[in-house]
Structure formats: C-alpha cells, structure tokens
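Counting begins at 1 with the first residue of the sequence.
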Amino acid sequence: MYLRSRGSGYPVLFIHGIPTSSRLWSSVVQKMRDSFTCLAVDLPGLGRTPKTSDGLRQLENLAEKIEQIRVQNNIEKWHVVGHDAGSAIAVYYTHRFQHRVDRLALLSPAVFPELKPFHLFRIVRSPVIGELLAPAVNAIFWKVAMRQALEPRRSELNDTVEDFHAPFSGPFGAWRLMSILRWGNPAEVLASMPAMLPQLKSPTLIFQGSRDKAIPEQFAQRACALIPRSRVVMVDSGHFIPLNNPEVVAAELLRFFGKTIN
C-alpha cells in the first residue's frame, strides 16, 4: 500500500475511509508533524494504491498488510487513527496486534453491522441498476455531494478532492467507484466488530461529528460503552471531520498522545 510519511518522533498511523485517500489527513498531519512521525496509507483501490482482488472486504488481509508496513519501517509500537471504514480496519488491526498499538483513535466509527451505506452509494451497490446508473452517481457524488460535505472549506480543499477523485476519473472511473463501493455486506464484514470492542486494551478516543449524516451518533456512544478505556469527543462537523475541523482533531490527538500544540 502507498504510504505517506511526514514529521519525526513517535509514530502514528492514519487510515482513511471510503472513497477518500491518505490526503484526508493532510491538515491534521501538518499540525502534528513537529511532534510525531505521521504515516498515512492509501487503501487498495484508493489514492495511489492499486485495487486488489480482495478489495476492502477482507479486514484480516488489510490488518496483515498494515502489520507489514510496521515491520518494514522498523516500528516497535505506534498509535493508530482511523476514519469511517478506516475505523473498522483500525479496530481489527488493534484487536489482532494488541501489543503493537499504544493508543487508538476512531473518527466517525463505522464499526457496527447495522451500518447503512450512504444513500447515494446504495444505488451503485445494486446489481444491474448500479451498472446503469454508475456514471450519474459518480458525477453527482464528486460534483455535488462531496463539495457540500466539505462545508465552509470547499475552495481550499479542491486539490484534496481531486486526489480522492483521481482513481474514479476517465471513461471507466464510474465503474471503478462502483466496484469499490461494493466492498461487501456490512452485516457480514462487520459482524465480528461488537465482540472485538470490549477486548481492546488500548486507551481509545472516539470522535463524532455533530452533523454527521453517514454515521449516527449512536455508533460513537455504543462503541464508547463497549471499549473499556474510551471516551467520546463531539466535534462541530459533518462526516469528514479531518477535513471540516482539522484544528480540533489535531489538538485532541496531541493531548491524547501526550503532547501539546506549540
């Protein structure tokens, strides 16, 4: 998987969700790089990482690939941060490799099998209809829905959105997006999550956007109730918390990881 590395100090791994990329974390990393080595991955089929046959449905395989990154970079332990689907990957990795994760942070935690995909994405997840309407959904999502989700920062995040959009541009881009969004049935892929959460040993910080239309606040509160050493931070934001309010995310993470902003 493609890896961005910035800064120096104790390592922090950042895992994005769908359909974004490691650029999701750019503003957060910019504020943390003086205190930490910030490592942000592009998941398969997103950003600069090619799509694999497993895609994003096999959490175990993704956890193994993340562990390979840790080994390749000679990292003993690190903090792990995930957003949206990246939260589910972060939970699975932390559960599988407990002794390698110091602290865990989950933003917009898509970690329960009751998860309902974003309403626009449900169209392309449907056989036949999805194939037919993929071009329209692709255009609407990037030109309308994604821009609206960025709230007041739309103009300054144009380059970031283009980075997210890059794998899904061109003649076949719409169907590449359709393929990514058909990552699996949440009831199956996330079935083991509720049982994993009480077994997590790492202190955990959970972020929830107060205006998140994709992940209900109930998910954050429920995760907090299940994870032994955890707490919830409510953020004045929509779903894309690291883009909408990176200042709050960085400040909370720095405090949680034992640092302060200079």
Side-chain angles (χ1 to χ4, degrees), residues 4 6-7 9-18 20-41 78-91 94 101-111 118 145-161 163-164 202-225 227 229-262:
R4 295 174 185 268
R6 301 287 186 274
Y10 194 89
V12 182
L13 174 69
F14 293 89
I15 309 172
H16 66 86
I18 303 172
T20 59
S21 74
S22 57
R23 283 285 296 272
L24 176 81
W25 304 104
S26 293
S27 295
V28 175
V29 166
Q30 185 64 30
K31 299 176 186 307
M32 295 181 62
R33 60 188 297 177
D34 291 341
S35 300
F36 293 94
T37 297
C38 299
L39 305 156
V41 297
W78 51 7
H79 302 310
V80 175
V81 182
H83 173 258
D84 187 66
S87 289
I89 298 167
V91 166
T94 302
V101 179
D102 193 346
R103 295 191 168 222
L104 174 66
L106 309 174
L107 291 78
S108 306
V111 295
F118 180 54
M146 189 68 192
R147 302 289 176 178
Q148 290 179 346
L150 298 181
E151 299 181 339
R153 297 175 179 263
R154 296 176 199 175
S155 59
E156 67 186 80
L157 291 171
N158 281 337
D159 290 344
T160 299
V161 174
D163 187 83
F164 297 165
S202 303
T204 303
L205 187 62
I206 303 168
F207 293 80
Q208 177 66 30
S210 59
R211 299 185 305 282
D212 193 332
K213 296 180 181 179
I215 304 299
E217 182 182 341
Q218 176 192 3
F219 275 29
Q221 300 298 343
R222 183 178 167 194
C224 184
I227 300 172
R229 293 187 289 169
S230 64
R231 65 182 177 91
V232 174
V233 174
M234 294 300 299
V235 183
D236 181 20
S237 170
H239 180 64
F240 295 99
I241 306 173
L243 299 179
N244 298 151
N245 214 326
E247 297 85 1
V248 170
V249 173
E252 290 288 349
L253 288 178
L254 286 166
R255 278 193 289 269
F256 183 53
F257 297 155
K259 298 284 184 177
T260 57
I261 297 178
N262 294 327

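- His239 is not listed as a side-chain neighbour of Lys213, based on a closest heavy-atom distance of 4.5 Å or more.
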Where do His83 and Phe14 land on the side-chain contact (heavy atoms from CB on, under 4.5 Å) test, with the steps shown first?
-> CA-CA 8 Å; His83 173 258; Phe14 293 89; over 6 Å; no
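- Here the closest heavy-atom approach between residue Ser108 and residue Ile241 is recorded as OG-CD1, 3.6 Å.
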Pair Met32-Leu254, side-chain contact (heavy atoms from CB on, under 4.5 Å): steps then yes or no = CA-CA 7 Å; Met32 295 181 62; Leu254 286 166; 4.1 Å; yes
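- Every salt bridge (Lys or Arg N to Asp or Glu O under 4.0 Å) that Arg231 has, sequence neighbours left out, goes to Glu252.
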Working for side-chain contact (heavy atoms from CB on, under 4.5 Å), residues Ile227 and Leu106 | CA-CA 11 Å; Ile227 300 172; Leu106 309 174; 4.1 Å; yes
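- Side chain of His79 to backbone of Val12: no donor-acceptor contact under 3.5 angstrom is found.
- Of all heavy-atom pairs spanning Leu205 and Phe256, the tightest one is N-CZ, 3.6 Å.
- What you find for Ser87 and Gly82 is that their closest heavy atoms are OG-O, 3.0 Å.
- When all heavy atoms of Pro242 and Trp25 are compared, the pair lying nearest together is CG-CZ3, 3.6 Å.
- Partners of Arg222 by salt bridge (Lys or Arg N to Asp or Glu O under 4.0 Å), not counting sequence neighbours, listed by chain and number: Glu114.
- Between the CD1 atom in Ile89 and the OG1 atom in Thr94 there is a gap of 11.5 Å [rounded to 0.5 Å].
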Chi angles and distances behind the side-chain contact (heavy atoms from CB on, under 4.5 Å) call for Leu253, Phe36 | CA-CA 11 Å; Leu253 288 178; Phe36 293 94; over 6 Å; no
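- Panel note: side chain Arg6, backbone Val29; no donor-acceptor pair is recorded below 3.5 Å.
- A side-chain donor-acceptor contact under 3.5 Å links Thr37 to the backbone of Gly9.
- Once rounded to the nearest 0.5 Å, the distance linking CE of Met234 with CZ of Arg211 reads 10.0 Å.
- Remark: the backbone N or O of Leu104 is not paired with any side-chain donor or acceptor of Ser202 at under 3.5 angstrom.
- The heavy-atom pair separating Phe219 from Val111 by the smallest distance is CD2-N, 4.3 Å.
- Aromatic ring centres of Phe257 and Tyr10: separated by at least 6.0 Å.
- By the side chain to side chain contact (heavy atoms under 4.5 Å, CB included) test, Ser22 is found to be paired with Arg4, Ala40, Asp42, residues two or more places apart in sequence or in another chain being considered.
- Partners of Ala110 under the side chain to side chain contact (heavy atoms under 4.5 Å, CB included) rule, at least two apart in sequence or in another chain, are Asp84, Leu115, Ile215.
- With rounding to the nearest 0.5 angstrom, the CG atom of Asp159 is 6.0 Å from the CZ atom of Arg23.
- No donor-acceptor pair closer than 3.5 Å links the side chain of Ser237 to the backbone N or O of Gly209.
- Looking at heavy atoms from C-beta onward, Thr160 lies out of side-chain contact with Phe240 at the 4.5 angstrom threshold.
- The shortest distance between side-chain heavy atoms of Gln208 and Gln221 does not fall below 4.5 Å.
- For Phe207, the ring pair (Phe, Tyr, Trp, His ring centres under 6.0 Å) test picks out no residue, with sequence neighbours left out.
- Annotation: the span from Ser27 atom OG to Leu24 atom CG amounts to 9.5 Å, rounded to 0.5 Å.
- The two atoms that bring Asp102 and Pro203 nearest to each other are O-CD, 3.6 Å, heavy atoms only.
- In this structure, Phe164 has no ring pair (Phe, Tyr, Trp, His ring centres under 6.0 Å) partners at least two apart in sequence or on a different chain.
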